[in-house]
Amino acid sequence: MNASTAIRNGWQKVFGAGARGARPAPGDTSHGTILYLEDISVSFDGFKALNALTLYIDAGELRCIIGPNGAGKTTMMDVITGKTRPDAGSAWFGQTTDLLTLSEPQIAEAGIGRKFQKPTVFEQHTVMENLELAVAGHKTLWTTLRSPLDRRQHERIEEVLETIRLQDRRSMRAGMLSHGQKQWLEIGMLLAQEPRLLLVDEPVAGMTPQEVERTAELLLSLAGKHSVMVVEHDMDFVRSIAHKVTVLHEGHVLAEGTIDEVQNDPRVVEVYLGE
Amino acid sequence: MQTSHPAIQLLIGERGTQVFLALLLTVGVAAPIMHLAFPEGSALHLSSYTMTLMGKYMTYALLAIAVDLVWGYCGILSLGHAAFFALGGYAMGMYLMRQIGTRGVYGDPLLPDFMVFLNWKELPWFWQGFDMFWFAALMVIVVPGLLALAFGWLAFRSRVSGVYLSIITQALTYALMLAFFRNDMGFGGNNGLTDFKDILGANINASETRVALFLTSAAALGLGYLACRYITLSRAGRVVQAIRDAESRTRFIGYRVESYKLWVFAFSAVLAGIAGALYVPQVGIINPSEFQPINSIEIVIWVAVGGRGTLYGAVAGAVLVNYAKTYFTATIPELWLYALGTLFVIVTLFLPKGVVGLADKFALRRPAARTVTA
């Protein structure tokens with residue numbers, strides 16, 4: 001766990017600024033793990049969407065989750081973000097935050113951001129305004145009516161613009177962006193909220209090869225600073241970014257390891273890759 | 001551009017705003033001079049009738065701005081704003097009634113004529129205080145504001161939106177109309193409040209008073225416009241537009257959508273109330289027909305014709321449609337409603353951005369200019 005300790009230190013350096021202010025400091029990651037899912041079970045009308053799922057994500061890690069349709073990938077994300085309550089099991093964000101006791105907005109506030117498959121940016125607003133809407137800070141009417149962004153928020157936006165490489169598109173209406181750029185902008189909006197764990201659902205669906213490549217670079221650049229969990233079908237893409245891959249099947253973890261280990265695992269080949 | 005404070009952006013302004021403010025200033029200076037300085041019969045003389053008509057249009061324009069703020073920017077299609085307008089008008093009307101004093105038909109020093117007629121012996125509690133201008137002025141703001149807050153709180157908290165919200169705002173204004181029609185409500189019933197004599201000690205029909213009312217309306221329109229423009233240029237304005245475009249997404253990134261909608265709605269209602277209060281002394285009457293559901297719908301048509309989500313478009317729409325209305329109802333009154341309906345259909349189908357959108361297209365020939373500048 002030496003590598004993850006180093007990552008954690010770097011991560012805390014980056015988030016030193018993010019932790020100040022009114023935000024509570026949930027998700028104590030002093031043990032190097034940011035997300036604990038243990039024995040999570042969810043069933044819908046008798047169908048077991050998740051079956052005693054156990055999964056850990058390290059702080060600063062970039063993890064890919066793969067699995068055939070119906071393996072429980074989306075349900076797992078729903079449990080983490082509070083949209084679905086499990087029938088059994090526990091879900092912790094760091095050592096101190098019990099996700100199962102928090103509401104959806106509270107979980108978002110605690111620092112878990114989710115990017116849905118379909119890009120949902122504010123099309124009538126410019127790229128800059130989209131980030132401005134998303135950036136962490138007080139969001140009451142009284143504040144937004146009286147004062148523009150403070151310097152720290154501006155710096156944050158500039159940082160995000162650089163990360164998602166949309167600096168030269170900052171004044172463009174988001175509706176005019178290409179599909180890939182919209183996806184990056186949405187990731188940027190998540191980043192502007194200063195999350196600690198990012199859940200990203202099928203980021204490269206419908207992208208051109210160049211866009212896929214840049215998305216891979218983007219996600220790789222986030223790892224270390226943020227913990228990122230990516231659900232993806234595109235195996236080439238997974239190969240290009242993943243340090244560690246988790247294969248879900250019928251609601252539980254079938255295999256975990258590097259992409260090569262996973263691809264050579266006979267069980268995985270049987271249920272998924274071998275088809 | 002976003003780094004500057006909205007107040008600074010307000011001063012620099014955009015083209016539409018500059019044109020609007022310049023026009024308002026020109027009209028505000030020229031009309032009183034033409035009315036007072038040139039004798040009747042002179043080619044440059046502006047009749048009292050015309051100036052009062054222009055003053056009336058200005059109150060309509062303020063009302064249209066109020067509707068544009070909630071509809072064009074926040075996406076709340078209110079079909080009940082005439083109710084707030086009328087309530088502000090009634091508050092002013094009550095003050096004007098109390099100023100009549102012994103000059104009424106029945107000469108009662110305290111009770112307005114209609115109360116004497118109804119054999120009432122004393123002034124109802126809710127008429128107390130309206131002999132004082134400051135109190136009436138306060139009520140012009142408080143009554144529509146509180147009603148909007150209460151109504152909005154119930155509606156937005158229950159996440160009533162879209163067409164359902166429009167329908168209950170229609171119900172609101174309709175219910176108020178039925179209530180104000182009743183004689184025992186104590187607001188003059190069917191006849192409403194009229195026969196006003198004085199305002200702040202000045203004869204309400206005197207030329208100077210007319211000019212003062214006209215100037216006050218112009219000032220209220222200008223200030224109301226700037227207040228709304230400030231809101232739309234602030235971060236709050238961009239949040240409000242985000243709510244219009246994707247409400248749940250806005251909630252998801254941490255904004256209390258209900259609170260934003262509620263305060264914008266209430267502020268808009270207050271503007272409508274002020275417009276109503278300035279309207280009443282100029283037209284000389286307020287009665288329950290102002291609460292008619294069709295009136296609220298007409299305001300929305302003004303905004304749509306002018307171009308919603310621009311503020312100056314709402315002003316243009318209010319003036320254009322009302323000028324057409326004045327003209328049509330004088331020449332071919334039976335066709336007016338058909339003309340209005342046709343206008344609305346044409347605008348909806350062919351001019352989604354209204355008259356100002358059309359003007360932009362011809363004048364600029366680069367409607368997407370905003371997207372190119374880096």
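Nothing here was measured: the structure is a model prediction, and the numbers come from that model. Letters go in sequence order (proteins before strands), and every chain restarts at 1.
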Should we count [atom1] of [X] as having more than 12 external heavy atoms under 6.0 Å?
X	atom1	value
A:Glu213	CD	no
A:Arg151	CZ	no
B:Arg256	CZ	no
B:Phe350	CZ	no
A:Glu158	CD	yes
A:Trp92	CH2	yes

At what distance, to the nearest 0.5 angstrom, does CG of A:Leu141 lie from CD1 of B:Ile231? 8.5 Å
Rounded to the nearest 0.5 Å, what separation is found between the CZ atom of B:Arg235 and the CD atom of A:Glu129? 12.0 Å
Is it the case that the side chains of A:Thr144 and B:Tyr260 hold a donor-acceptor pair, with the cut-off being a distance below 3.5 Å and no angle test? yes
Checked B:Val264, B:Ile253, B:Val239 vs chain A; the most non-hydrogen pairs under 4.5 Å come from B:Ile253
Among the options B:Ala242, B:Ser259, B:Gly254, pick out the one with the most heavy-atom pairs lying under 4.5 Å from chain A. B:Ala242
Identify the heavy atoms of B:Tyr255 and A:Leu133 that sit nearest to each other, and give their distance. OH-O, 2.6 Å
Looking only at non-hydrogen atoms, find the nearest pair between B:Arg249 and A:Phe122 and report the distance. CG-CZ, 3.5 Å
Are A:Glu132 and B:Arg238 close enough that some pair of their side-chain heavy atoms sits under 4.5 Å apart? yes
Between A:Thr143, A:Asn130, A:Thr140, which residue shows the highest count of heavy-atom pairs closer than 4.5 Å to chain B? A:Thr140
Which bit of B:Arg244 is near chain A, if near means a heavy-atom gap under 4.5 Å: side chain, backbone, both or neither? side chain
